[in-house]
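Since the structure is predicted, the reported quantities are computational estimates derived from the model, not experimental observations.
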Amino acid sequence: MSARRLALAVAASAIAACGHPPPPPPVTDDARPRRVIEPPPDEVHALPPFAIRPDGVGPYRLDAPLSTVLAALPSGPRGVAVLDLPGVVRLSVIRAEDDKLIVGGEPMATTSFVAVVGGDVARTEHELAVGSTADELRAALGAPAAPVDLLADPRLGRFPGAPGVRFLVERDRVAAIVVAPPDTSTLAPVVDTCDRTVAEPPASGRVAVRDGRPSARGACLAGRERVVVAGEQVVVTSADLAQRITAAAVPGLVFAEPARGEGKDELVVVRGERSPAKATWWVSTWRLEGGRLSRGLEEVLYEITAASAQWIGARVAELDLALEVAVRPDALVAGGLLLARAGDRLRDVVPLVPVTVARRRRTAVVPVTPGGGGDARDAKDAGVTDATPPTRDGRPRPKPED
């Protein structure tokens with residue numbers, strides 16, 4: 001061994017003797033520590049915006065137990081609110097997603113509806129959401145089309161392309177979207193040869209026709225007529241608008257729609273009366289007989305008092321109803337939505353308890369008070385060319401000769 005190599009060996013031995021270990025061997029792949037990935041949690045919560053479908057909204061499905069919905073809330077259980085207005089609503093509701101979704105049903109039963117009241121929490125496959133305009137709604141889904149035997153508040157829209165979904169439209173914008181099981185009941189087919197088409201101007205849809213704008217419907221009340229609703233006035237004209245037959249002023253009018261009856265159509269009229277202490281909604285049926293309107297039945301549908309409103313922590317002024325009436329041969333069945341507001345915001349949108357009004361055999365009719373004033377200008381805007389009040393016997397006044 002050379003002197004140099006011997007010196008290096010002696011130096012290495014000296015370093016080892018001083019307590020310094022030799023350098024570690026190189027690390028191979030088998031010796032590297034392995035990364036451990038924990039399994040996902042048992043429950044994964046979906047995040048908005050959710051999809052609005054006929055069977056629910058996102059993870060909130062119809063027919064799911066309310067207890068399951070409550071336990072699965074991302075923010076943990078918040079409790080179930082009970083909405084109990086005698087004769088109006090009786091529901092258990094769960095407010096979710098920062099109170100922008102309302103899930104509810106019969107007390108401690110299964111989910112029977114999901115209401116969307118926030119704009120950024122859910123949308124349909126057509127990108128419709130709370131806040132969409134009425135024009136966007138019509139462009140995506142076409143004209144509203146409820147079953148022929150279902151009459152509705154102009155603010156409520158049903159569309160063939162969205163079964164089980166109702167759109168509440170206020171001030172030309174979608175204010176709420178409600179998903180519930182579609183009504184699958186059917187009636188026996190009726191032999192009907194009536195032509196209800198109307199001449200120009202075209203009839204307005206049921207969406208956003210309030211705020212004084214007139215709407216028109218074709219009807220066969222006695223022959224072939226057009227029913228124009230403008231403000232609080234109902235005007236009956238010939239189908240071609242050439243003659244005004246009769247009119248009636250209806251204070252508190254919510255809607256008036258022709259409904260197919262036995263042989264002839266009838267008008268179903270819903271009106272409301274409101275004071276700080278009480279709000280009441282009525283339904284009546286009218287027929288055109290001898291050139292004048294006569295009322296067959298009139299019944300109270302719903303009533304909210306100041307005392308009952310306090311049961312859900314509200315005032316009468318904060319509550320409203322968007323009504324629907326299903327026309328049956330032996331009865332009228334009312335339903336719709338209760339609207340509860342907190343300031344300018346819709347707090348609750350929930351289904352009403354159904355109310356059935358049985359048809360009684362008519363022994364007499366009550367003439368409806370004719371009316372030709374008030375909203376005559378709106379009637380003219382709808383295409384009614386003769387807004388002159390009828391004579392006392394209900395017949396239209398003859399037009400002056402040229």
Side-chain angles (χ1 to χ4, degrees), residues 54 62 87-91 105-106 112-113 115 143-160 162-169 176 178-192 194 196 205-207 209 215 217-221 227 229 234 253-272 280-287 295-303 320-339 349-362:
L62 300 180
V88 181
V89 296
R90 187 173 184 272
L91 293 166
E106 294 294 324
S112 61
F113 76 94
V148 295
D149 60 334
L150 183 66
L151 313 178
D153 186 303
R155 295 172 293 177
L156 285 179
R158 294 175 182 257
F159 298 84
V165 181
R166 281 174 288 183
F167 294 85
L168 175 70
V169 177
V178 181
V179 180
D183 184 8
T184 58
S185 62
T186 57
L187 298 177
V190 177
V191 177
D192 186 10
C194 173
R196 294 178 179 80
R206 283 197 180 97
V207 173
V209 297
S215 64
R217 304 283 186 272
C220 293
L221 301 172
V227 177
V229 178
V234 179
L253 177 66
V254 178
F255 66 87
E257 293 274 0
R260 300 182 184 185
E262 296 179 359
K264 295 181 180 180
D265 291 354
E266 62 184 353
L267 279 179
V268 175
V269 178
V270 173
R271 64 182 179 88
T280 308
W281 287 263
W282 302 71
V283 66
S284 58
T285 58
W286 298 1
R287 289 184 179 273
R295 186 172 61 241
L297 66 82
E298 185 168 61
E299 298 285 349
V300 173
L301 291 176
Y302 299 98
E303 185 171 88
D320 193 12
L321 304 186
L323 296 179
E324 296 176 318
V325 178
V327 181
R328 302 289 185 260
D330 58 345
L332 303 177
V333 182
L337 302 173
L338 169 72
L339 315 177
V349 178
V350 300
L352 297 169
V353 172
V355 173
T356 299
V357 178
R359 294 181 183 271
R360 299 183 297 271
R361 185 181 299 277
R362 297 193 309 159

Heavy-atom side-chain proximity of [X] to [Y] below 4.5 angstrom:
X      : Y      : answer
Leu337 : Val178 : yes
Tyr302 : Val355 : yes
Val227 : Asp265 : no
Val165 : Phe159 : no

Query raised in the report: Is Arg271 atom CZ crowded by more than 12 heavy atoms from other residues, nucleotides or ligands, each under 6.0 Å away?
Result: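 Counting other residues, nucleotides and ligands, CZ of Arg271 exceeds 12 neighbours.
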Query - salt_bridge(Arg155, Asp320) N-O dist < 4.0 Å - result: yes
**Report entry** Arg260 with Asp149: basic N within carboxylate O range, under 4.0 Å
**Finding:** no
Sequence neighbours excluded, which residues qualify as side chain to side chain donor-acceptor pair (under 3.5 Å) partners of [X]?
X      : value
Thr280 : Glu303
Trp286 : Ser284
Glu106 : none

Least distance between heavy atoms, [X] atom then [Y] atom:
X      : Y      : result
Pro54  : Leu62  : O-CD1, 3.6 Å
Ala115 : Val349 : CB-O, 3.4 Å
Leu91  : Pro351 : CD1-O, 3.6 Å
Leu339 : Ala322 : CD1-CB, 4.4 Å
Leu151 : Ala259 : CD1-CB, 3.9 Å
Lys264 : Arg287 : O-NH1, 3.9 Å

Requested in this report: Report the distance from atom CD of Glu257 to atom CG of Asp153, rounding to the nearest 0.5 Å.
Outcome: 10.0 Å
Query raised in the report: Distance from Leu267 atom CG to Arg217 atom CZ, nearest 0.5 Å?
Result: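 The CZ atom of Arg217 is 11.5 Å from CG of Leu267, to the nearest 0.5 Å.
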Report task. Applying side-chain contact (heavy atoms from CB on, under 4.5 Å), run through Leu323 and Val254 and close with a yes or a no. Result -> CA-CA 9 Å; Leu323 296 179; Val254 178; 5.8 Å; no
**Report entry** Steps toward side-chain contact (heavy atoms from CB on, under 4.5 Å) verdict (Leu332, Arg359)
**Finding:** CA-CA 7 Å; Leu332 303 177; Arg359 294 181 183 271; 3.4 Å; yes
